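Data first, discussion second: the structure below is written as C-alpha coordinates.
Every chain is numbered from 1 and lettered A, B, ... according to where its sequence line falls, protein lines coming before strand lines. Quick note: numbers below take in every heavy atom, side chains included, and nothing from hydrogens, waters or symmetry partners. It should be emphasised that the depicted structure is a prediction, and the values quoted were computed from it without experimental measurement.
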Amino acid sequence: MTAAPAIEVRHLTKDFRIGLKGVKLRAVDDLSLSIPRGQVYGLLGPNGCGKSTTLKVVLGLVPATAGEVSILGLPSATAEARARTGFLPEAPYFHKFLSGRELVRYCAHLSGVPSDRVEAAVEEAVALVDLREAAGRLVGTYSKGMLQRIGLAQAIVHDPELVILDEPTAGVDPVGAAAIGRIIEAMRARGKTVVLCSHLLGQVEQVCDRVAIMDKGRLVLEGAVEEVLERRDRHVLTVDALTPAALAAAEAALVAHGARLGAVTHPRRSLEELFRELVTGSRDA
Amino acid sequence: MKAACHRSLWIARITFLEAIRQRFFAFLFILGAALVLASGAVRVFDFGHSELKFLADFGFGGLFLFGSILGVVMTAQLFFAEIDNRTALTLLAKPLSRAEFLAGKFLGIWAVLGVFVLVLAALLAAMLGWRAAELAQLAAERRLAPPECDLAGLALYAALQWLRLGVVVAMVLAVAAAARTFLFAVVVGALAVLAGQLQWLSQELLLKPAEPGLGHAALWLLTHLLPNLQQFNLGDALVLAPHQVTAGTLPWVFLSGVAYVVAFLVLATFLFRRREI
(Lines give C-alpha, C1' and ligand atoms only; values in the text may rest on other atoms or scores of the structure.)
Protein backbone atom coordinates (compact mmCIF):
# COMPACT_ATOMS: atom_id res chain seq x y z
CA MET A 1 0.00 0.00 0.00
CA THR A 2 1.43 3.42 -0.96
CA ALA A 3 1.52 6.19 1.61
CA ALA A 4 -0.97 9.04 1.15
CA PRO A 5 0.50 12.21 -0.38
CA ALA A 6 1.72 14.92 1.97
CA ILE A 7 -1.09 17.19 0.75
CA GLU A 8 -3.99 16.28 -1.49
CA VAL A 9 -6.26 19.05 -2.74
CA ARG A 10 -9.32 18.05 -4.75
CA HIS A 11 -11.45 20.59 -6.63
CA LEU A 12 -10.84 23.30 -4.04
CA THR A 13 -12.79 26.51 -4.47
CA LYS A 14 -12.73 29.44 -2.09
CA ASP A 15 -14.95 32.49 -2.38
CA PHE A 16 -14.77 35.58 -0.20
CA ARG A 17 -17.67 37.94 0.28
CA ILE A 18 -16.54 41.55 0.24
CA GLY A 19 -18.22 44.85 0.95
CA LEU A 20 -21.67 45.54 2.31
CA LYS A 21 -23.35 43.97 -0.72
CA GLY A 22 -21.36 40.76 -0.20
CA VAL A 23 -19.86 40.72 -3.69
CA LYS A 24 -18.29 37.34 -4.34
CA LEU A 25 -14.55 37.22 -4.97
CA ARG A 26 -13.20 33.86 -6.09
CA ALA A 27 -9.70 33.44 -4.61
CA VAL A 28 -9.20 29.77 -5.52
CA ASP A 29 -10.99 28.20 -8.47
CA ASP A 30 -11.34 24.41 -8.73
CA LEU A 31 -7.76 23.66 -7.70
CA SER A 32 -6.52 20.08 -7.62
CA LEU A 33 -3.01 19.24 -6.44
CA SER A 34 -1.15 16.26 -5.08
CA ILE A 35 2.09 17.02 -3.24
CA PRO A 36 4.25 13.90 -2.80
CA ARG A 37 6.06 13.16 0.44
CA GLY A 38 9.76 13.81 0.99
CA GLN A 39 10.07 16.56 -1.60
CA VAL A 40 10.45 20.31 -1.66
CA TYR A 41 7.42 21.66 -3.51
CA GLY A 42 7.23 25.21 -4.83
CA LEU A 43 3.86 26.93 -5.00
CA LEU A 44 4.32 29.96 -7.20
CA GLY A 45 2.26 32.75 -8.63
CA PRO A 46 1.80 36.53 -8.63
CA ASN A 47 0.40 38.36 -5.61
CA GLY A 48 -3.30 37.67 -5.16
CA CYS A 49 -3.25 34.45 -7.19
CA GLY A 50 -4.60 32.40 -4.29
CA LYS A 51 -1.42 30.76 -2.92
CA SER A 52 -1.78 31.97 0.67
CA THR A 53 -5.52 31.30 0.66
CA THR A 54 -4.83 27.75 -0.51
CA LEU A 55 -2.33 27.27 2.33
CA LYS A 56 -4.80 28.69 4.86
CA VAL A 57 -7.48 26.28 3.69
CA VAL A 58 -4.96 23.42 3.89
CA LEU A 59 -4.23 24.39 7.51
CA GLY A 60 -7.89 24.73 8.42
CA LEU A 61 -7.56 28.46 9.12
CA VAL A 62 -10.11 29.32 6.45
CA PRO A 63 -13.03 27.06 5.50
CA ALA A 64 -13.28 25.94 1.87
CA THR A 65 -16.31 26.92 -0.19
CA ALA A 66 -16.08 23.60 -2.04
CA GLY A 67 -13.66 20.74 -2.41
CA GLU A 68 -11.60 18.55 -0.09
CA VAL A 69 -8.15 18.85 1.39
CA SER A 70 -6.16 16.19 3.25
CA ILE A 71 -2.78 16.27 4.98
CA LEU A 72 -0.86 12.98 5.14
CA GLY A 73 -4.14 11.17 4.48
CA LEU A 74 -6.03 12.97 7.28
CA PRO A 75 -8.74 15.61 6.88
CA SER A 76 -6.77 18.86 6.99
CA ALA A 77 -8.91 20.64 9.59
CA THR A 78 -8.18 18.03 12.30
CA ALA A 79 -5.77 18.66 15.17
CA GLU A 80 -4.03 15.37 14.35
CA ALA A 81 -3.18 16.61 10.85
CA ARG A 82 -1.93 19.92 12.23
CA ALA A 83 0.21 18.11 14.83
CA ARG A 84 2.17 16.61 11.92
CA THR A 85 2.51 19.96 10.15
CA GLY A 86 4.69 23.01 10.75
CA PHE A 87 3.77 26.44 9.40
CA LEU A 88 5.64 29.69 8.91
CA PRO A 89 3.19 32.43 7.81
CA GLU A 90 4.07 35.28 5.50
CA ALA A 91 5.69 38.24 7.34
CA PRO A 92 5.40 36.53 10.70
CA TYR A 93 4.85 38.57 13.86
CA PHE A 94 5.66 37.13 17.24
CA HIS A 95 5.22 38.38 20.81
CA LYS A 96 8.05 40.88 21.19
CA PHE A 97 8.37 40.43 24.94
CA LEU A 98 9.47 36.81 24.58
CA SER A 99 13.03 35.77 23.84
CA GLY A 100 13.60 33.59 20.79
CA ARG A 101 14.06 30.54 23.01
CA GLU A 102 10.88 31.32 25.02
CA LEU A 103 8.90 31.69 21.79
CA VAL A 104 10.07 28.33 20.46
CA ARG A 105 9.39 26.71 23.87
CA TYR A 106 5.86 28.18 23.86
CA CYS A 107 5.22 26.75 20.40
CA ALA A 108 6.72 23.39 21.41
CA HIS A 109 4.18 23.12 24.25
CA LEU A 110 1.32 24.09 21.91
CA SER A 111 2.51 21.59 19.30
CA GLY A 112 2.33 18.67 21.70
CA VAL A 113 6.03 18.04 22.35
CA PRO A 114 6.21 15.91 25.54
CA SER A 115 7.29 18.06 28.52
CA ASP A 116 10.46 16.05 29.15
CA ARG A 117 11.49 16.53 25.50
CA VAL A 118 10.74 20.25 25.19
CA GLU A 119 14.16 21.66 26.12
CA ALA A 120 16.04 19.27 23.82
CA ALA A 121 13.58 19.97 20.97
CA VAL A 122 13.95 23.75 21.45
CA GLU A 123 17.75 23.58 21.38
CA GLU A 124 17.68 21.34 18.32
CA ALA A 125 15.35 23.68 16.40
CA VAL A 126 17.29 26.78 17.41
CA ALA A 127 20.56 25.13 16.36
CA LEU A 128 19.12 24.06 12.99
CA VAL A 129 18.24 27.66 12.12
CA ASP A 130 21.62 28.83 13.45
CA LEU A 131 20.20 31.12 16.13
CA ARG A 132 21.70 29.50 19.22
CA GLU A 133 23.67 32.61 20.22
CA ALA A 134 20.78 35.04 19.72
CA ALA A 135 18.07 32.78 21.18
CA GLY A 136 18.28 34.53 24.56
CA ARG A 137 17.52 37.94 23.05
CA LEU A 138 14.01 39.40 22.91
CA VAL A 139 12.25 38.76 19.59
CA GLY A 140 11.55 42.52 19.39
CA THR A 141 15.27 43.12 18.79
CA TYR A 142 15.56 40.65 15.88
CA SER A 143 16.29 41.62 12.26
CA LYS A 144 13.95 40.42 9.51
CA GLY A 145 16.24 37.53 8.65
CA MET A 146 16.41 36.43 12.27
CA LEU A 147 12.61 36.73 12.59
CA GLN A 148 12.19 34.41 9.62
CA ARG A 149 14.67 31.95 11.11
CA ILE A 150 13.04 31.94 14.55
CA GLY A 151 9.74 31.52 12.69
CA LEU A 152 11.22 28.47 11.01
CA ALA A 153 12.38 27.15 14.40
CA GLN A 154 8.86 27.44 15.87
CA ALA A 155 7.50 25.65 12.78
CA ILE A 156 9.83 22.66 13.09
CA VAL A 157 10.27 22.34 16.86
CA HIS A 158 7.84 19.40 17.04
CA ASP A 159 9.64 17.59 14.20
CA PRO A 160 6.68 17.67 11.77
CA GLU A 161 6.57 15.53 8.65
CA LEU A 162 5.26 18.42 6.57
CA VAL A 163 6.54 22.01 6.74
CA ILE A 164 4.67 24.82 4.98
CA LEU A 165 6.62 28.02 4.43
CA ASP A 166 4.79 31.09 3.11
CA GLU A 167 7.30 33.59 1.71
CA PRO A 168 10.12 32.65 4.11
CA THR A 169 12.56 34.93 2.29
CA ALA A 170 10.35 38.03 2.01
CA GLY A 171 12.34 41.09 3.06
CA VAL A 172 15.47 39.04 3.73
CA ASP A 173 18.80 39.91 2.09
CA PRO A 174 20.43 37.42 -0.32
CA VAL A 175 22.76 36.02 2.36
CA GLY A 176 19.82 35.41 4.71
CA ALA A 177 17.78 33.94 1.86
CA ALA A 178 20.63 31.56 1.06
CA ALA A 179 20.75 30.53 4.74
CA ILE A 180 17.02 29.78 4.63
CA GLY A 181 17.61 27.80 1.44
CA ARG A 182 20.20 25.69 3.27
CA ILE A 183 17.74 25.04 6.11
CA ILE A 184 15.15 23.87 3.59
CA GLU A 185 17.71 21.52 2.06
CA ALA A 186 18.58 20.23 5.53
CA MET A 187 14.89 19.48 6.11
CA ARG A 188 14.68 17.61 2.82
CA ALA A 189 17.75 15.61 3.86
CA ARG A 190 15.82 14.59 7.00
CA GLY A 191 12.99 13.28 4.83
CA LYS A 192 10.55 16.13 5.44
CA THR A 193 8.11 17.43 2.88
CA VAL A 194 8.48 21.18 2.42
CA VAL A 195 5.91 23.34 0.66
CA LEU A 196 7.48 26.64 -0.29
CA CYS A 197 5.66 29.77 -1.45
CA SER A 198 8.18 32.28 -2.70
CA HIS A 199 8.78 35.05 -5.19
CA LEU A 200 12.50 34.27 -5.25
CA LEU A 201 12.29 32.18 -8.39
CA GLY A 202 16.03 31.56 -8.50
CA GLN A 203 15.92 29.98 -5.10
CA VAL A 204 12.78 28.00 -5.90
CA GLU A 205 14.53 26.62 -8.96
CA GLN A 206 17.51 25.62 -6.82
CA VAL A 207 15.75 23.95 -3.91
CA CYS A 208 12.46 22.63 -5.27
CA ASP A 209 11.87 19.20 -6.74
CA ARG A 210 8.46 20.09 -8.15
CA VAL A 211 6.58 23.33 -8.72
CA ALA A 212 3.02 24.42 -9.29
CA ILE A 213 2.21 27.81 -10.77
CA MET A 214 -1.10 29.48 -9.97
CA ASP A 215 -2.73 32.47 -11.63
CA LYS A 216 -6.12 34.02 -10.81
CA GLY A 217 -6.92 31.17 -8.46
CA ARG A 218 -6.27 28.45 -11.03
CA LEU A 219 -3.44 26.00 -11.53
CA VAL A 220 -1.67 26.80 -14.79
CA LEU A 221 1.33 24.45 -14.60
CA GLU A 222 2.54 21.61 -12.40
CA GLY A 223 5.49 19.25 -12.66
CA ALA A 224 9.09 18.41 -11.76
CA VAL A 225 11.35 21.46 -12.01
CA GLU A 226 13.68 19.80 -14.53
CA GLU A 227 10.76 18.79 -16.72
CA VAL A 228 8.97 22.10 -16.75
CA LEU A 229 12.13 24.14 -17.39
CA GLU A 230 13.79 21.99 -19.99
CA ARG A 231 13.28 23.09 -23.63
CA ARG A 232 13.64 19.83 -25.48
CA ASP A 233 13.52 21.57 -28.89
CA ARG A 234 16.71 23.62 -28.25
CA HIS A 235 20.32 22.84 -27.15
CA VAL A 236 23.18 24.72 -25.51
CA LEU A 237 26.82 24.02 -26.25
CA THR A 238 29.41 25.50 -23.89
CA VAL A 239 32.73 25.86 -25.69
CA ASP A 240 36.12 27.04 -24.43
CA ALA A 241 38.58 28.95 -26.66
CA LEU A 242 36.17 29.45 -29.57
CA THR A 243 37.91 31.25 -32.46
CA PRO A 244 35.96 33.01 -35.28
CA ALA A 245 37.15 30.33 -37.72
CA ALA A 246 35.96 27.51 -35.46
CA LEU A 247 32.60 29.27 -35.02
CA ALA A 248 32.16 29.63 -38.80
CA ALA A 249 33.05 25.94 -39.32
CA ALA A 250 30.64 24.86 -36.57
CA GLU A 251 27.83 26.96 -38.04
CA ALA A 252 28.46 25.46 -41.52
CA ALA A 253 28.44 21.94 -40.05
CA LEU A 254 25.16 22.62 -38.26
CA VAL A 255 23.54 23.99 -41.44
CA ALA A 256 24.78 20.94 -43.36
CA HIS A 257 22.85 18.77 -40.89
CA GLY A 258 19.66 20.82 -41.13
CA ALA A 259 20.18 22.64 -37.82
CA ARG A 260 20.43 26.40 -37.28
CA LEU A 261 22.70 28.31 -34.92
CA GLY A 262 20.39 30.54 -32.90
CA ALA A 263 22.82 32.68 -30.89
CA VAL A 264 26.40 32.83 -29.72
CA THR A 265 26.79 34.49 -26.31
CA HIS A 266 29.07 34.40 -23.30
CA PRO A 267 27.63 32.52 -20.32
CA ARG A 268 26.66 34.77 -17.40
CA ARG A 269 26.55 34.15 -13.73
CA SER A 270 23.58 35.49 -11.79
CA LEU A 271 23.87 38.59 -9.62
CA GLU A 272 22.92 36.39 -6.66
CA GLU A 273 25.81 34.03 -7.40
CA LEU A 274 28.22 36.97 -7.70
CA PHE A 275 26.90 38.55 -4.49
CA ARG A 276 27.18 35.33 -2.54
CA GLU A 277 30.66 34.73 -3.93
CA LEU A 278 31.81 38.17 -2.77
CA VAL A 279 30.26 38.12 0.69
CA THR A 280 30.78 34.46 1.56
CA GLY A 281 30.74 33.77 5.24
CA SER A 282 29.00 36.95 6.31
CA ARG A 283 25.64 36.54 8.08
CA ASP A 284 22.82 38.91 8.88
CA ALA A 285 22.70 39.55 12.57
CA MET B 1 -8.20 16.48 27.90
CA LYS B 2 -4.94 16.87 29.82
CA ALA B 3 -3.16 17.99 26.65
CA ALA B 4 -5.96 20.47 25.89
CA CYS B 5 -5.67 21.96 29.41
CA HIS B 6 -1.89 22.14 29.01
CA ARG B 7 -2.21 24.08 25.74
CA SER B 8 -4.88 26.43 27.18
CA LEU B 9 -2.69 27.14 30.20
CA TRP B 10 0.21 28.09 27.92
CA ILE B 11 -2.04 30.50 26.02
CA ALA B 12 -3.19 31.86 29.40
CA ARG B 13 0.39 32.28 30.57
CA ILE B 14 1.45 34.30 27.51
CA THR B 15 -1.79 36.33 27.62
CA PHE B 16 -1.11 37.15 31.28
CA LEU B 17 2.45 38.27 30.47
CA GLU B 18 1.17 40.40 27.60
CA ALA B 19 -1.59 41.95 29.71
CA ILE B 20 0.56 42.99 32.66
CA ARG B 21 2.93 44.76 30.26
CA GLN B 22 0.15 47.02 29.00
CA ARG B 23 0.30 50.66 30.03
CA PHE B 24 -3.49 50.76 30.11
CA PHE B 25 -3.51 48.06 32.80
CA ALA B 26 -0.84 49.87 34.84
CA PHE B 27 -2.76 53.15 34.51
CA LEU B 28 -6.10 51.78 35.74
CA PHE B 29 -4.38 49.66 38.38
CA ILE B 30 -2.64 52.71 39.85
CA LEU B 31 -5.81 54.82 39.53
CA GLY B 32 -7.88 52.19 41.35
CA ALA B 33 -5.30 51.80 44.11
CA ALA B 34 -5.02 55.59 44.46
CA LEU B 35 -8.81 55.87 44.76
CA VAL B 36 -8.92 53.33 47.59
CA LEU B 37 -6.02 54.95 49.43
CA ALA B 38 -7.46 58.45 48.89
CA SER B 39 -10.72 57.41 50.56
CA GLY B 40 -8.98 57.72 53.94
CA ALA B 41 -8.12 61.35 53.24
CA VAL B 42 -11.59 62.39 52.04
CA ARG B 43 -13.65 60.45 54.56
CA VAL B 44 -14.77 63.73 56.18
CA PHE B 45 -17.04 64.19 53.16
CA ASP B 46 -19.17 61.22 54.15
CA PHE B 47 -22.49 62.95 53.37
CA GLY B 48 -24.03 61.70 56.59
CA HIS B 49 -23.27 58.03 56.01
CA SER B 50 -21.25 55.97 58.44
CA GLU B 51 -17.55 56.49 57.94
CA LEU B 52 -16.85 52.81 57.28
CA LYS B 53 -19.59 52.66 54.68
CA PHE B 54 -18.08 55.68 52.97
CA LEU B 55 -14.65 54.02 52.89
CA ALA B 56 -16.14 50.71 51.69
CA ASP B 57 -18.19 52.42 48.96
CA PHE B 58 -15.04 54.09 47.64
CA GLY B 59 -13.28 50.74 47.42
CA PHE B 60 -16.28 48.89 45.98
CA GLY B 61 -16.68 51.67 43.40
CA GLY B 62 -13.02 51.46 42.37
CA LEU B 63 -13.20 47.69 42.04
CA PHE B 64 -16.43 47.87 40.08
CA LEU B 65 -15.62 50.74 37.74
CA PHE B 66 -11.97 50.13 36.93
CA GLY B 67 -12.44 46.36 36.97
CA SER B 68 -15.26 46.65 34.44
CA ILE B 69 -13.29 49.01 32.18
CA LEU B 70 -10.27 46.71 32.36
CA GLY B 71 -12.42 43.65 31.70
CA VAL B 72 -14.03 45.12 28.59
CA VAL B 73 -11.08 46.96 27.02
CA MET B 74 -8.34 44.47 27.88
CA THR B 75 -10.35 41.49 26.62
CA ALA B 76 -11.13 43.14 23.28
CA GLN B 77 -7.58 44.48 22.98
CA LEU B 78 -5.83 41.18 23.71
CA PHE B 79 -8.18 39.26 21.42
CA PHE B 80 -7.76 41.64 18.48
CA ALA B 81 -4.00 41.88 19.04
CA GLU B 82 -3.79 38.17 18.19
CA ILE B 83 -5.99 38.60 15.11
CA ASP B 84 -4.58 41.90 13.79
CA ASN B 85 -0.92 41.04 14.44
CA ARG B 86 -1.60 37.63 12.90
CA THR B 87 -0.07 35.73 15.83
CA ALA B 88 -3.35 33.77 15.82
CA LEU B 89 -2.37 32.49 12.37
CA THR B 90 0.77 30.87 13.79
CA LEU B 91 -1.00 29.55 16.90
CA LEU B 92 -4.12 28.15 15.26
CA ALA B 93 -2.03 26.35 12.63
CA LYS B 94 -0.84 24.19 15.54
CA PRO B 95 -2.89 21.35 17.05
CA LEU B 96 -4.71 23.91 19.16
CA SER B 97 -8.49 24.08 18.90
CA ARG B 98 -10.30 27.39 18.83
CA ALA B 99 -12.03 26.47 22.09
CA GLU B 100 -8.63 25.93 23.75
CA PHE B 101 -7.42 29.25 22.36
CA LEU B 102 -10.43 31.12 23.76
CA ALA B 103 -10.23 29.28 27.09
CA GLY B 104 -6.57 30.27 27.33
CA LYS B 105 -7.36 33.90 26.52
CA PHE B 106 -10.11 33.88 29.13
CA LEU B 107 -7.92 32.38 31.85
CA GLY B 108 -5.03 34.75 31.13
CA ILE B 109 -7.20 37.88 31.27
CA TRP B 110 -9.13 36.60 34.28
CA ALA B 111 -5.85 35.94 36.11
CA VAL B 112 -4.77 39.55 35.50
CA LEU B 113 -8.12 40.78 36.81
CA GLY B 114 -7.59 38.47 39.79
CA VAL B 115 -4.37 40.30 40.61
CA PHE B 116 -6.21 43.62 40.22
CA VAL B 117 -9.04 42.55 42.54
CA LEU B 118 -6.64 41.01 45.07
CA VAL B 119 -4.48 44.12 45.37
CA LEU B 120 -7.41 46.56 45.55
CA ALA B 121 -9.26 44.35 48.06
CA ALA B 122 -6.09 44.08 50.18
CA LEU B 123 -5.71 47.87 50.18
CA LEU B 124 -9.38 48.29 51.05
CA ALA B 125 -9.06 45.72 53.83
CA ALA B 126 -6.09 47.64 55.23
CA MET B 127 -8.01 50.93 55.13
CA LEU B 128 -11.17 49.44 56.66
CA GLY B 129 -9.26 47.43 59.28
CA TRP B 130 -7.26 50.46 60.35
CA ARG B 131 -10.27 52.77 60.65
CA ALA B 132 -12.53 50.09 62.19
CA ALA B 133 -9.95 49.51 64.94
CA GLU B 134 -9.80 53.26 65.65
CA LEU B 135 -13.59 53.58 65.70
CA ALA B 136 -13.91 50.48 67.92
CA GLN B 137 -11.52 52.07 70.41
CA LEU B 138 -13.53 55.33 70.40
CA ALA B 139 -16.76 53.37 70.84
CA ALA B 140 -15.28 51.43 73.76
CA GLU B 141 -14.29 54.69 75.45
CA ARG B 142 -17.88 55.92 75.08
CA ARG B 143 -19.29 52.49 76.09
CA LEU B 144 -21.00 52.15 72.68
CA ALA B 145 -21.26 49.10 70.41
CA PRO B 146 -18.32 48.94 67.95
CA PRO B 147 -19.16 49.42 64.22
CA GLU B 148 -19.59 46.24 62.21
CA CYS B 149 -16.82 45.45 59.71
CA ASP B 150 -16.23 41.88 58.57
CA LEU B 151 -12.92 41.49 56.68
CA ALA B 152 -13.71 37.83 55.89
CA GLY B 153 -16.85 39.18 54.22
CA LEU B 154 -14.62 41.52 52.24
CA ALA B 155 -12.64 38.49 50.99
CA LEU B 156 -15.93 36.90 49.88
CA TYR B 157 -16.96 40.13 48.19
CA ALA B 158 -13.60 40.24 46.35
CA ALA B 159 -14.14 36.65 45.18
CA LEU B 160 -17.61 37.57 43.91
CA GLN B 161 -16.24 40.61 42.08
CA TRP B 162 -13.60 38.42 40.46
CA LEU B 163 -16.36 36.07 39.33
CA ARG B 164 -18.39 39.03 38.03
CA LEU B 165 -15.36 40.15 36.02
CA GLY B 166 -15.09 36.58 34.72
CA VAL B 167 -18.64 36.91 33.37
CA VAL B 168 -17.68 40.27 31.82
CA VAL B 169 -14.57 38.81 30.15
CA ALA B 170 -16.48 35.79 28.79
CA MET B 171 -19.24 38.09 27.52
CA VAL B 172 -16.79 40.42 25.74
CA LEU B 173 -14.95 37.42 24.27
CA ALA B 174 -18.24 36.27 22.75
CA VAL B 175 -18.77 39.75 21.29
CA ALA B 176 -15.16 39.95 20.02
CA ALA B 177 -15.39 36.49 18.42
CA ALA B 178 -18.12 37.82 16.13
CA ALA B 179 -16.89 41.43 15.81
CA ARG B 180 -14.77 42.69 12.92
CA THR B 181 -13.11 45.57 14.74
CA PHE B 182 -11.70 46.30 18.18
CA LEU B 183 -13.84 49.42 18.56
CA PHE B 184 -17.05 47.54 17.80
CA ALA B 185 -16.13 44.88 20.38
CA VAL B 186 -15.42 47.53 23.03
CA VAL B 187 -18.62 49.50 22.40
CA VAL B 188 -20.93 46.48 22.20
CA GLY B 189 -19.10 44.78 25.08
CA ALA B 190 -19.50 47.87 27.28
CA LEU B 191 -23.20 48.14 26.36
CA ALA B 192 -23.67 44.45 27.22
CA VAL B 193 -22.05 44.98 30.62
CA LEU B 194 -24.24 48.02 31.24
CA ALA B 195 -27.33 46.04 30.24
CA GLY B 196 -26.25 43.22 32.56
CA GLN B 197 -25.87 45.71 35.36
CA LEU B 198 -29.43 46.94 34.76
CA GLN B 199 -30.90 43.50 34.11
CA TRP B 200 -32.66 43.50 37.48
CA LEU B 201 -34.88 46.31 36.18
CA SER B 202 -36.23 44.06 33.44
CA GLN B 203 -36.76 41.32 36.04
CA GLU B 204 -38.88 43.69 38.11
CA LEU B 205 -40.84 44.86 35.07
CA LEU B 206 -41.51 41.27 34.10
CA LEU B 207 -43.07 40.61 37.50
CA LYS B 208 -45.63 43.36 36.96
CA PRO B 209 -48.91 42.24 35.36
CA ALA B 210 -48.91 43.14 31.65
CA GLU B 211 -50.60 42.20 28.37
CA PRO B 212 -48.63 39.57 26.41
CA GLY B 213 -47.09 41.24 23.36
CA LEU B 214 -43.87 42.05 21.57
CA GLY B 215 -42.63 44.27 24.40
CA HIS B 216 -43.30 41.58 26.96
CA ALA B 217 -41.55 38.96 24.83
CA ALA B 218 -38.51 41.24 24.37
CA LEU B 219 -38.41 41.81 28.11
CA TRP B 220 -38.59 38.07 28.77
CA LEU B 221 -35.76 37.44 26.30
CA LEU B 222 -33.62 40.19 27.82
CA THR B 223 -34.16 38.85 31.33
CA HIS B 224 -33.27 35.29 30.40
CA LEU B 225 -30.32 36.00 28.10
CA LEU B 226 -28.50 38.71 29.96
CA PRO B 227 -26.64 37.92 33.16
CA ASN B 228 -27.71 39.80 36.26
CA LEU B 229 -24.42 41.48 37.13
CA GLN B 230 -26.02 43.41 39.96
CA GLN B 231 -26.42 40.21 42.00
CA PHE B 232 -22.64 40.17 42.64
CA ASN B 233 -22.73 43.54 44.42
CA LEU B 234 -23.21 42.22 47.93
CA GLY B 235 -20.47 44.40 49.40
CA ASP B 236 -22.55 46.28 51.97
CA ALA B 237 -24.28 43.13 53.15
CA LEU B 238 -21.12 41.03 53.36
CA VAL B 239 -18.78 43.59 54.92
CA LEU B 240 -20.90 46.01 56.94
CA ALA B 241 -23.93 43.88 57.82
CA PRO B 242 -22.95 40.19 57.44
CA HIS B 243 -26.15 38.87 59.08
CA GLN B 244 -28.22 40.28 56.17
CA VAL B 245 -26.98 37.68 53.67
CA THR B 246 -29.26 34.65 53.59
CA ALA B 247 -27.77 31.15 53.51
CA GLY B 248 -28.70 30.31 49.94
CA THR B 249 -27.65 33.61 48.37
CA LEU B 250 -23.91 33.03 48.00
CA PRO B 251 -24.06 29.51 46.48
CA TRP B 252 -26.74 30.71 44.04
CA VAL B 253 -24.73 33.77 42.96
CA PHE B 254 -21.59 31.66 42.67
CA LEU B 255 -23.26 28.93 40.60
CA SER B 256 -25.06 31.34 38.29
CA GLY B 257 -21.76 33.21 37.76
CA VAL B 258 -19.98 30.01 36.77
CA ALA B 259 -22.89 29.01 34.52
CA TYR B 260 -22.77 32.38 32.72
CA VAL B 261 -19.01 32.10 32.21
CA VAL B 262 -19.40 28.62 30.68
CA ALA B 263 -22.37 29.68 28.54
CA PHE B 264 -20.59 32.76 27.13
CA LEU B 265 -17.41 30.77 26.43
CA VAL B 266 -19.44 28.15 24.55
CA LEU B 267 -21.12 30.96 22.58
CA ALA B 268 -17.71 32.56 21.87
CA THR B 269 -16.37 29.23 20.59
CA PHE B 270 -19.42 28.77 18.37
CA LEU B 271 -19.02 32.26 16.89
CA PHE B 272 -15.24 31.89 16.50
CA ARG B 273 -15.47 28.37 15.02
CA ARG B 274 -15.63 29.35 11.35
CA ARG B 275 -14.04 32.78 11.56
CA GLU B 276 -11.47 33.31 8.84
CA ILE B 277 -8.06 34.04 10.35
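When each of B:T87, B:L96, B:L17, B:T90 is checked for heavy-atom pairs under 4.5 Å with chain A, B:T87 comes out on top. Interface remark: of the candidates A:A155, A:P63, A:P89, A:P63 forms the most heavy-atom pairs closer than 4.5 Å to chain B. Taking chain A as the reference chain and counting heavy-atom pairs below 4.5 Å, the highest number among B:R274, B:R86, B:E100, B:R98 is found for B:R86. Put simply, of A:K96, A:R84, A:K56, the one with the most heavy-atom pairs under 4.5 Å next to chain B is A:K56.
Cation-pi contact between B:R7 and B:W10: absent, since separation from the ring centre below 6.0 Å together with deviation from the ring axis within 45° is not met. In this structure, A:K14 is positioned above the aromatic face of A:F16, its NZ or CZ under 6.0 Å from the six-membered ring centre and within 45° of the axis.
Interface remark: A:T78 contributes no atoms to any contact with chain B (heavy atom separation under 4.5 Å). Heavy atoms closer than 4.5 Å to chain B are found in both the backbone and the side chain of A:A91. At a 4.5 Å heavy-atom cutoff, B:L9 makes no contact with chain A through either its backbone or its side chain. Looking at B:A93, both its backbone and its side chain come within 4.5 Å of chain A, counting heavy atoms on both sides. Proximity to chain B (any heavy atom under 4.5 Å) is shown, for A:E102, by neither the backbone nor the side chain. Heavy-atom distances place no part of A:I164 under 4.5 Å from chain B, backbone and side chain included.
The closest side-chain donor-acceptor pair between A:T13 and A:D29, if any, does not fall under 3.5 angstrom. Side-chain N/O atoms of A:S34 and A:R10 include no donor and acceptor closer than 3.5 Å. Checking B:T223 against B:S202 by side-chain atom types alone, a donor-acceptor pair falls below 3.5 Å. Side chain to side chain, B:N85 and A:H95 fail the donor-acceptor criterion of an N or O pair below 3.5 Å.
Around CZ of B:F27, the count of heavy atoms belonging to other residues, nucleotides or ligands within 6.0 Å does not exceed 12.
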